[in-house]
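Counting convention: from 1, in listed order, for ligands and their atoms alike.
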Amino acid sequence: MNNNIFLIGFMGSGKSTVGNILSEKLGYSFVDTDAIVEKDGEMSICKMFEQHGEKYFREREYEALKKVMKKKNQIISTGGGIVTYEKSRELLEGQEVYYISVDSETVYHRLHADSTRPLLKNSSFEKMSELLSMRKKLYEDTGTFEIDGRQAPQQVAEEIIFNIKEVRKKP
Ligand code: S3P
């Protein structure tokens, strides 16, 4: 068993914040596929989308996921669109994947002033809601557990820890 915990969910669901809390509480290392893509690609995600397009980014994201999965005992926060790429979804199959769910109002409230996410740049509330609802089923199908991400990050992390303990109790 690799003991890796994956976090999936839409932009603004709190994956990084929750992931950092989990990493501290469980003594696991924290990794973020977005950070790996940026480091390995030597450019920001915004620039990558601009210069090479989304498909290129998805492939780099898949490579980042594959790379981190070689190590153990990690909290792995993934980019919000990782579930849209079939190869990445296949990698996540059979892993312990927590889906942090949010509604569009929460995302809007948290991210309306954000300029680092290419897919939300100049996006209206309606467009963002549409993207979220298009992905909902993919998150549900890919996640092994769904946690309500509208709660405070500390609470989300506690629920995940409770689940992890339950899963590990099972023979
Ligand atoms: C994306 C989400 C971002 C990042 C990229 C694309 C998406 O990650 O990977 O901007 O398609 O939802 P976060 O979910 O960490 O914001």
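Close to ligand 1: R58, with a non-hydrogen atom less than 4.0 angstrom away. Residue R135 places a heavy atom under 4.0 Å from ligand 1.
For ligand 1, the atoms closer than 4.0 angstrom to any heavy atom of L119 are 7 (C), 11 (O). Heavy-atom contacts of R117 reach the following atoms of ligand 1: 16 (O) (cutoff under 4.0 Å). Of all atoms in ligand 1, listed by their number and element, those nearer than 4.0 Å to a heavy atom of G81 are 1 (C), 7 (C), 11 (O), 12 (O). The ligand atoms of ligand 1 that sit less than 4.0 angstrom from a heavy atom of I45 are 5 (C), 10 (O).
Between E61 and R58 there is a salt bridge, since at least one side-chain N of the basic residue sits less than 4.0 Å from a carboxylate O of the acidic one. We find that D40 and K67 are joined by a salt bridge, their nearest charged nitrogen and carboxylate oxygen being less than 4.0 Å apart. Looking at E63 and K66, a side-chain N of the basic residue comes within less than 4.0 Å of a carboxylate O on the acidic one, giving a salt bridge.
Looking only at protein heavy atoms, the nearest one to atom 3 (C) of ligand 1 is D34 OD2, 3.7 Å.
With hydrogens and angles left out, the side-chain atoms of D103 and T106 include a donor and acceptor closer than 3.5 Å.
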Next item on the list: Please step through side-chain contact (heavy atoms from CB on, under 4.5 Å) for the pair N163 and E96, ending with a clear verdict.
Entry: CA-CA 10 Å; N163 256 285; E96 201 172 338; 6.0 Å; no
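Aromatic ring pairs are classed by plane angle as parallel below 30°, tilted from 30° to 60° and perpendicular above 60°; the pair Y108 and F125 is perpendicular.
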